[in-house]
Amino acid sequence: MFRGVVNIPSDQKAKILIVDDETMNIELLRAYLEDRYSVIAATNGHEAIEKVRNEIPDIILLDVMMPEMNGYQVCEHLKNDPETQFIPIVMVTALSGRNDWITGIEAGADEFLTKPVNKLELLTRINSLLRLKDLHFDLLAEKNKLELQNRIRSVLTQIIPALLKTLPPEQKNIVIHQMIDMVVEAIFENVNTESDILGYECIGELCCQIINQLGSNFEVENMDEGKSFTIKGDTCPWGKEEARSNPILCTLSRGIFSRIIHMREEDMEVDVLETMGNGDEHCLFELTKLD
């Protein structure tokens, strides 16, 4: 995922970078914005690029007329870099000619504001760009999630079951463990492993959060004072028909839960009570603390 595409937590202010070689212009925009946003500033193009790298702002307000490296050049540089190309850039300029706007569009600018800047117009443009940026993030996250599901399912439901039929019993467990490793590794590519694993008080909720990335809808039920609980799902992570054709896929769900428990260093065991792969209406796993 590109660094320039990030969701802003609800308790955190969006970060705005103002780039202008006139201190008075910076202070005016800062006065308009600092009550609602976290504001940083740069006074030339080279400093702006450096601050974008270090600060990763949510939006850039970029003056056009600057010495050495003008705003068009800064904009083009940032938009050509995969690490920063999705950060919205608003060109702030005293120029109002048609050719000036075309030059900005060709450089990759997302919006334009004409000096002197109107406060209401500025806030409206920023709010609009932040909403679009969040929408882009959500769409990209959904795309990554679907690609993950399709990649894992295609391997597990098409290639692996056929392979298992040809293996002797003593090698099947080895292949199953390798499959679990592959699935867990692929899932955790999209998860902040350390914070997510440590951040969940209930190991069951973490198990659900992880396996639900494959398209299932598992939930924790029947908590027993932290000693045991069940995880129930009405949507199979592997696909209901695929699981019924290859019930061994249900073993992967249990293995994923066991691997997550091990990563959290919990002393628990996982029992399979019901699975859609065996013809049940839903999947049901019981997680129990060991004495």
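Heavy-atom basis, side chains included; hydrogens, waters and symmetry copies ignored.
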Main-chain N/O of Phe218 paired to Asn212 side chain as donor or acceptor, under 3.5 Å = yes
How many angstroms lie between atom CD1 of Ile60 and atom CD1 of Ile89, to the nearest 0.5 angstrom?
-> 4.5 Å
Same hydrophobic cluster for Met91 and Ile49, using side-chain heavy-atom links shorter than 4.5 Å among ILVMFWY?
-> yes
Looking only at atom types and distance, does a side-chain atom of Thr230 sit under 3.5 Å from a main-chain N or O of Glu221, one as donor and one as acceptor?
-> yes
Nearest atoms (heavy-atom pairs only) where Asp110 meets Pro88 = OD2-CA, 3.2 Å
Applying the 4.5 Å side-chain criterion to the ILVMFWY set and letting contacts propagate, would Leu122 and Val92 be lumped into a single cluster?
-> yes
Glu55 backbone acceptor or donor facing Lys15 side chain under 3.5 Å | yes
Output, in order, the C-alpha distance, side-chain angles, deciding distance and verdict of side chain to side chain contact (heavy atoms under 4.5 Å, CB included) for Cys207 and Ile231.
-> CA-CA 9 Å; Cys207 289; Ile231 293 178; 3.8 Å; yes
Give a yes or no on whether Leu273 and Leu252 share a hydrophobic cluster (residues Ile, Leu, Val, Met, Phe, Trp, Tyr; joining criterion: side-chain heavy atoms under 4.5 Å apart).
-> no
Without swapping roles, check the side chain of Asp21 against the backbone of Asn44 for a donor-acceptor pair under 3.5 Å.
-> no
Taking atom CZ of Arg254 and atom CD of Glu269, what is their separation to the nearest 0.5 Å?
-> 8.0 Å
Shortest non-hydrogen contact from Phe285 toward Cys283 | CE1-CB, 3.9 Å
Atom pair CE/CG of Met24 and Leu29 - distance to nearest 0.5 Å | 11.0 Å
Working for side chain to side chain contact (heavy atoms under 4.5 Å, CB included), residues Glu106 and Ile102 = CA-CA 6 Å; Glu106 291 176 343; Ile102 292 175; 3.7 Å; yes
Lys51 side-chain N/O to Ala41 backbone N/O, donor-acceptor pair under 3.5 Å | yes
For Leu62 and Gly71, the nearest pair of non-hydrogen atoms, with its separation, is CD2-O, 3.2 Å
Verify, without hydrogens or angle tests, whether Gln73 (side chain) and Asn70 (backbone) share a donor-acceptor contact under 3.5 angstrom.
-> yes
Please round to the nearest 0.5 Å and tell me the distance separating atom NZ of Lys13 and atom CG of Asp58.
-> 13.0 Å
Quick one: does Ile16's side chain get under 4.5 Å of Tyr32's, heavy atoms only?
-> no
Honestly curious: do Leu123 and Ile18 fall in one hydrophobic cluster under the side-chain, below-4.5 Å linking rule?
-> yes
Is there a donor-acceptor contact under 3.5 Å from the side chain of Lys79 to the main chain of Gln85?
-> yes
Hydrophobic cluster identity match, Leu17 and Tyr72, side-chain contacts under 4.5 Å = yes
Please name the pair of heavy atoms, one in Lys115 and one in Asn25, separated by the smallest distance, quoted to 0.1 Å.
-> NZ-ND2, 3.4 Å
Residues, nucleotides or ligands: over 12 heavy atoms within 6.0 Å of Met65 CE | no
Rounded distance [0.5 Å steps], CD1 in Ile261 versus CG in Leu287 | 4.0 Å
Taking Arg244 for its side chain and Met276 for its backbone only, find out whether a donor-acceptor pair lies under 3.5 Å.
-> yes
Any donor-acceptor pair under 3.5 Å linking the side chain of Ser216 with the backbone of Ile211?
-> yes
Residues Ile210, Arg259; criterion side chain to side chain contact (heavy atoms under 4.5 Å, CB included); working and verdict | CA-CA 11 Å; Ile210 297 301; Arg259 185 60 51 84; over 6 Å; no
List the atom of Gly108, the atom of Cys75, and the distance in Å for their closest heavy-atom pair.
-> C-SG, 3.7 Å
For Glu219, does the CD atom have more than 12 heavy-atom neighbours from other residues, nucleotides or ligands under 6.0 Å away?
-> no
Can you tell me if Thr84 uses its side chain to pair, donor with acceptor, with the backbone of Leu78 under 3.5 Å?
-> yes
Steps toward side chain to side chain contact (heavy atoms under 4.5 Å, CB included) verdict (Leu206, Ile203) | CA-CA 5 Å; Leu206 175 59; Ile203 184 66; 4.1 Å; yes
To the nearest 0.5 Å, how far apart are CG in Leu290 and CG in Asp267?
-> 4.5 Å
What are the two closest heavy atoms between Arg30 and Val39, and how far apart are they?
-> NH1-O, 3.6 Å
Ion pair check, Lys289 and Glu266, cut-off under 4.0 Å = yes
